[in-house]
Engineer: 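The structure's right below; bear with me while I get my questions together.
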Amino acid sequence: MRVITGIKQPFAGEAVAPADKSVTHRALLLAAEADGTSLIRNPSRSADCQASVDCLRALGVRIRPHHGHLRVDGLGLGRLRAPAGVLYAANSGTTMRLLAGILARQPFDSILDGDASLRRRPMERVAQPLNVLGARVSTTGGFPPVHIAGRPLCGGLVMLRTPSAQVKSAVLLAGLGAASPTCCRVPVISRDHTERLFFRLGLPLKVNDLELRVRPIDRIPPFEMQIPGDPSGAAFLAGAAAVIPGATVRIRRVGLNPTRTLFFCYLERMGAEIAWSPDASDPWEPGGTLTVRGADLRGVRIDPADVPLLIDELPLLAALAALARGETTVRGAAELRVKESDRIAAMAAGLRRLGAGVEEHLDGFSIEGVSPLHGTDVDAAGDHRVAMALAVAALAAVGITRIRGAESAAVSYPGFFDVLDRLTTGSSPHRGETI
Ligand code: S3P
């Protein structure tokens, strides 16, 4: 439970973006199969990435904290060790789906399971394409537990129907250790961190618009890399400033990979002012500082073609829409129903309780903004992004909002509520977390 008091005065503050969860998962998984020790600087301390660390440790990989970074002693490609029990991915869909691609080609059987929320999430989307490559991956009626009979993969052509970076990544990771090349055709562009990491490491990947080809390799070189800031985490801080006219927040070290930043363009369209200052720190994963200034927001029509690149920010956009003048409509976003919670239902319920007019569609929502919202008790539905999105709406509401299940924010952004407190009231110091 977390209590948010609506604020009346604009605030001005600065924060560092939390480390990127998507990039951390990928770095951990590639380092686990590298030939030697890799150093992952500034890893995400999220519960989701901890699930990847725990699963890899159960597969024999030594992972040690090192001055706030992580040292990973890779075992070599295809040389993970048979786990003693079921691999537990907790709440993390990324752990389960990406790891499935790696486990499919190991010389042992494994079982992946997760918490009650992950057990409700669809897994055939990853099992089927891996099976096209010669894997034997089976789900439990479409859901976890996922059973994997490890065997050599043959490679081949996979046509994906799901617009999912997780599934694309599972196929690419599987293809690295197949007998012949793998071609993966995707329906749309999605976040491309796996591709960028392959290029950084010199792995043989060719990308031609919606077609990706990976050739098998013998070894992954060990590497050192700095994890960029998470634009999806930074989005909540940007949102907090955006809903208070005149408030500003300067967010440093935000990942500015173009497959992750569309939310900030929509935020500008809604009326917030954003100053973008890219830096040149990493040629593979661009980053920089964003300074966001709040304004009276207006509703926006979200192009369904943009949904895959906005998917994690749609709960936050719903919260902003509840405070904006006019209507905001999102369609083509049925994927939201199979995330950590049914995010359409969870956001509709929370925002209605705060006073907004929300119409639910099977594949999205229409929201009529209301000013002011009124603080009350709301429920995060155990979902980190719902918890943080409702907190942003609550900041601009009159009175006090109690968010049940707010501790779920640690799934992607540990310390979020402390950072929010510090920014908006200057009261609570930001506490670091440990992995
Ligand atoms: C992720 C991909 C997205 C996103 C998730 C992280 C990733 O999921 O929602 O938070 O790291 O690849 P889908 O691939 O299911 O769209």
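The residues of the chain are indexed from 1 along the displayed sequence. When a ligand or atom number is given, it counts from 1 through the structure's own listing order.
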Engineer: Judging by distance only, is a nitrogen or oxygen of A165 under 3.5 angstrom from one on ligand 1?
Structural biologist: yes
Engineer: In a check of side-chain hydrogen bond (donor to acceptor under 3.5 Å, both in side chains) between S22 and each of H193, Q166, R191, which one passes?
Structural biologist: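 Exactly one pass, corresponding to R191.
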Engineer: Strictly below 4.0 Å, N to O, side chains only: are D377 and R404 in salt-bridge contact?
Structural biologist: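 Between R404 and D377 there is no salt bridge, as every charged N stays at least 4.0 Å from the carboxylate O atoms.
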Engineer: Please list, in number order, the atoms of ligand 1 under 4.0 Å from a heavy atom of K339.
Structural biologist: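 That gives atoms 3 (C), 4 (C), 8 (O), 9 (O), 13 (P), 15 (O), 16 (O) of ligand 1.
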Engineer: With no hydrogens and no angle check, just 3.5 Å: does a side-chain donor-acceptor pair link Y88 and D115?
Structural biologist: no
Engineer: Under a 4.0 Å heavy-atom limit, does H193 contact ligand 1 with its side chain, its backbone, both, or neither?
Structural biologist: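 No part of H193 is near ligand 1 at this cut-off.
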Engineer: Counting only heavy atoms, tell me which of S164, A170, S190 gets closest to atom 14 (O) of ligand 1.
Structural biologist: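 Nearest option to atom 14 (O) of ligand 1, by heavy atoms: S164.
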Engineer: How far is atom 11 (O) of ligand 1 from its nearest protein heavy atom, and which residue and atom is that?
Structural biologist: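 Ranking protein heavy atoms by distance from atom 11 (O) of ligand 1, first comes S22 OG, 2.7 Å.
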Engineer: Is it the case that T24 and S44 place a side-chain donor and acceptor less than 3.5 Å from each other?
Structural biologist: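 Side-chain D/A pair, T24 to S44: absent.
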Engineer: Can a salt bridge be assigned to the pair D312 and R260 using a cut-off of 4.0 Å between side-chain N and carboxylate O?
Structural biologist: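 No, no charged N to carboxylate O under 4.0 Å.
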Engineer: Which protein non-hydrogen atom lies closest to atom 10 (O) of ligand 1, naming both residue and atom, and how far is it?
Structural biologist: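 Of every protein heavy atom, D312 OD2, 2.9 Å lies nearest to atom 10 (O) of ligand 1.
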Engineer: Quick check on H25 - does any of its heavy atoms sit under 4.0 Å from an atom of ligand 1?
Structural biologist: no
Engineer: Nearest to atom 12 (O) of ligand 1 by heavy atom, R191, R26, E340: which?
Structural biologist: R26
Engineer: Quick one, K168 with E195, criterion salt bridge (charged side-chain N to carboxylate O under 4.0 Å, His left out). Give me CA distance, side-chain angles, the key distance, then yes/no.
Structural biologist: CA-CA 10 Å; K168 169 181 68 177; E195 295 90 310; 2.7 Å; yes
